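Residue numbers begin at 1 in each chain, while the letters A, B, ... track the order of the sequences. What you see below is based on every heavy atom in this structure, not just the backbone, and it leaves out hydrogens, waters and symmetry mates. Being a predicted model, the structure only gives us computed values, none of them experimental.
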There are 2 protein chains.
Amino acid sequence: MVYAGQGDARRSMALLWRAPGSADVRTGPGPKPGLSVDMIVEAAIAIADAEGMAALSMRAVGERLGRTAMALYTYVPSKSELVDVMHDRVLAELPAGYDLEDGWRAALTSWARDTWAFYLRHPWVLQVSQARPVLGPNEYGMLETVVRILHETGLEAGVLRRVVGTLIHFVRGAAQTIAETRQAPKATGVSDEDWWYARSAVLMEVATDFAERFPMVTWLERQGAFRVQDETVPYLEQEAREVFEVGLAILFDGIEAAMARAAL
Amino acid sequence: MVYAGQGDARRSMALLWRAPGSADVRTGPGPKPGLSVDMIVEAAIAIADAEGMAALSMRAVGERLGRTAMALYTYVPSKSELVDVMHDRVLAELPAGYDLEDGWRAALTSWARDTWAFYLRHPWVLQVSQARPVLGPNEYGMLETVVRILHETGLEAGVLRRVVGTLIHFVRGAAQTIAETRQAPKATGVSDEDWWYARSAVLMEVATDFAERFPMVTWLERQGAFRVQDETVPYLEQEAREVFEVGLAILFDGIEAAMARAAL
DNA sequence: CACGTTAGTTTATGCCGTAAGGAGATTCAA
DNA sequence: TTGAATCTCCTTACGGCATAAACTAACGTG
C-alpha cells in the first residue's frame, strides 16, 4: 500500500492544485530546467499503467526521461508525493456531468461503469491508500459527480454520504479483483490456465474429502455456478464482470428500498 | 500487492493442506530442525498483525525466531508462499456455523460483522491478492459458510454466486478503508488530527472557489453530513463504520428485491 | 568577470529477497 | 568405530529500492 506523502502540507497542496500545464516560469540564475512536474507525472503514469505499481520506481521514471532518479527530486519532494499527484491527475479523466433526465438509476449505472472502466485503465490507483484522501481537485470532482446524481433520490444528506461510500467500496472491490487477475500472469510469469491446471490437479489429490467437507460449495459447483457463457474471455475476469453487474442491480434496488422507507 | 507463489504447485498445496501442527517427524541423518513451518507462520503473522505487511520481511521473521533470514528457506520456498500459508492459516479464525433459525438476514449480518472484525484484526490480509485464490482449506471454508447462509434465500445458484462476490467486495472495501486509516499514522508518523489540520488549512487558501466549483459537496457539508455522533472515535474510522452499517442494510434490501423478482 | 543560484550527477547508506557455498551436526552403513 | 551422506543454519554476495549528501556545471545578475 502506498501512503500519502506526509511532507510539507503547503508544498503538497500547491503541487496538487496548481493549474495543469502551468510552466512555473522561473527567472534568475542557474541552468534552465530540463524537466517539469507535468513531464514527470506523465512518465510515471505511463509506467504504472503499463507495468503496474510494482514497476514504478524513481529510477524507472528518471530513465524514461533520460535522467537519473535523483534528478526528479528537484521537482517532486518524494515518491509518495509523486503518487499523490499521479492519482489526482488521472482522476481528471472521469466524466462529470451525467444526464439526469432518465433518472438517477440510469445516471448511476453509467457512472459505475465509467468508474469501473477507469480503474481498469489505471489499476494502480486501487493500490493508493484511501485512508487519507489526497484532497486534490479531481478527487473532489469525483465526489461532486456522485453526490449530484444521488441528490435526485431525495435521500437525507447523512444517508446519502454513506451510500456514496458503499457504492465506491463496491466499484473499487469489483475492479480490484479484475485488475489483480490481469496483473497476475505478468507478475508471476504463469498463465491463468497453467496456474489453474496445476493447482486443481493437486487439489483433488490432496483434498480427497472435499465433497463432504464443503457440501454447499460442491452443490454450487454441480449447479454449474462456476461456468461462464463467453468462453473467449478468461474465466476469472468473466466471473468478476458478472459479479459487477449483479451487484449493481442489488445495490440500486437497495437504494430504492431506502428511499421507500424514508418516504413513509 | 502480494501475489501468490508460482513455485511448484505440489509443494505449495502440501504446505497449505497439511494437518496443522503436523510435526513432519523426520528420521535420517542431519541435525534436528530447530524451527518448523508452524513456528515461522506464527511469527510472520504476529509481525504482520502488529506492524503491517510493509514490516514483514524475511529478516524480521528470522530475527523474531533467533535465526537469520536464510534459515527460513529450509522450511518455506519463498516469501510469497509463506504469505499464502499465513493467509489461509488466519482464515481459520472465521466462525463457520451461523444459526439460521432467525433467517438468512440475521445470520448474514453476523457473518458480515465477524468478517469485518476479522479483517481489522489482520489488515494485511486485505493486501494479499485475490486474483488467484490460494485454494487452501480455510478459504473454501469461508466460501462454504456464506453459501450455506445464502442458500436460505432460495436464489438460483448462478445469482447466488454473484451475490457472494458482491458481499465480499463490500466487506473487504469497508474494512480496507478503516485498516488503511489505522495504518496511516504509524506509516507516515503524522497523526490524523495533525494531518487534517495542516491539509484543510491549506485547502482553504488554495481553493478559494471551492463552493462554486463543488456545490453539491458544499451542500452535503453544510447539511452536516460530515459530522459524527461519537466524538471519542477518530473521524475517519467513525465514518467508515457508518458506511458499513448503511451499506449492509442496502445490500440486504437489494437481495430481498432479487428474491421477490425471482419468485414471480 | 565573479558570485550566487540551481539542475543534474555521482556516491553512499541501509533496507529488501534470495542465490551460492560452506561449517557443523547428526545418522546410518560398512 | 569410522566415513559418507544428509541436513540445518550461517556468511557472503548480488542486484534492486528510496533517498541523503556532496559535487559539478550551467546560467543570470551585480
Got a sec, which residues hit side chain to side chain donor-acceptor pair (under 3.5 Å) with T115(B), two or more places apart in sequence or on another chain?
-> W111(B)

For the pair D88(A) (side chain) and E139(A) (backbone), establish whether a donor and an acceptor sit closer than 3.5 Å, ignoring hydrogens and angles.
-> yes

So does R59(A) get a side-chain nitrogen or oxygen closer than 4.0 Å to the phosphate oxygens (OP1/OP2) of dG16(D)?
-> no

With respect to the phosphate group of dT9(C), does any side-chain polar atom (N or O) of T68(A) fall under 4.0 Å of OP1 or OP2?
-> yes

Verify the ring-centre separation between F170(B) and F170(A): is it less than 6.0 angstrom?
-> no

Return the value, rounded to whole Å, for the distance between atom CG of L72(A) and atom P of dA18(D).
-> 10 Å

B/S/- contact track for nucleotides 23-30 of chain C, protein heavy atom under 4.0 Å = -BBBB---

Under 3.5 Å, is there a donor-acceptor pair linking the side chains of H122(A) and E93(A)?
-> yes

In chain order, what residues pass the side chain to side chain donor-acceptor pair (under 3.5 Å) check against R213(A), with sequence neighbours excluded?
-> none

Can you check the L35(B) CG to dT8(D) P distance for me, whole Å?
-> 10 Å

Determine the contact category for M70(A): base if any of its heavy atoms lies under 4.0 Å from a base atom, sugar-phosphate if only primed atoms, P, OP1 or OP2 are that close, otherwise nothing.
-> base

Bend angle of the helix from dC1(C)-dG30(D) to dA30(C)-dT1(D), from helix axes over five pairs at each end, nearest 10° = 30°

Residues passing the ring pair (Phe, Tyr, Trp, His ring centres under 6.0 Å) test with Y197(B), sequence neighbours excluded, are none

From CD of E51(B) across to P of dC16(C) the rounded distance in Å is 12 Å

Classify the nucleic acid contact of A71(B) as base, sugar-phosphate or nothing, counting any heavy atom under 4.0 Å across all strands shown.
-> sugar-phosphate

With M86(A), the side-chain contact (heavy atoms from CB on, under 4.5 Å) member among I45(A), V128(A), L91(A) | I45(A)

Scan D84(A), N138(A), D38(A) and name whichever one has a side-chain hydrogen bond (donor to acceptor under 3.5 Å, both in side chains) with R89(A).
-> D38(A)

Over how many whole Å does the gap from M58(B) atom CE to dC17(D) atom P extend?
-> 20 Å

S57(A) side chain near dC17(D) phosphate (N/O to OP1/OP2, under 4.0 Å) | yes

Residue S78(B), side-chain atoms from C-beta onward, closest of dT18(C), dA7(C), dC9(D) | dT18(C)

In whole angstroms, the gap separating P of dG16(D) from CG of L56(A) amounts to 17 Å

Atom-to-atom span, CD of E81(A) to C1' of dT19(D) - whole angstrom | 14 Å

With sequence neighbours excluded, what pairs up with S200(A) under the side chain to side chain contact (heavy atoms under 4.5 Å, CB included) test?
-> W196(A)

Considering just the side-chain nitrogens and oxygens of Y73(B), establish if one lies under 4.0 Å of OP1 or OP2 belonging to dC10(D).
-> no

Take atom CD of E63(A) as the centre, draw a 6.0 Å sphere, and report whether it contains more than 12 heavy atoms from other residues, nucleotides or ligands.
-> no

Between M53(A) (CE) and dC17(D) (C1'), how many Å, whole number?
-> 15 Å

Specify the separation, in whole Å, of atom CD of E63(B) and atom P of dC10(D).
-> 12 Å

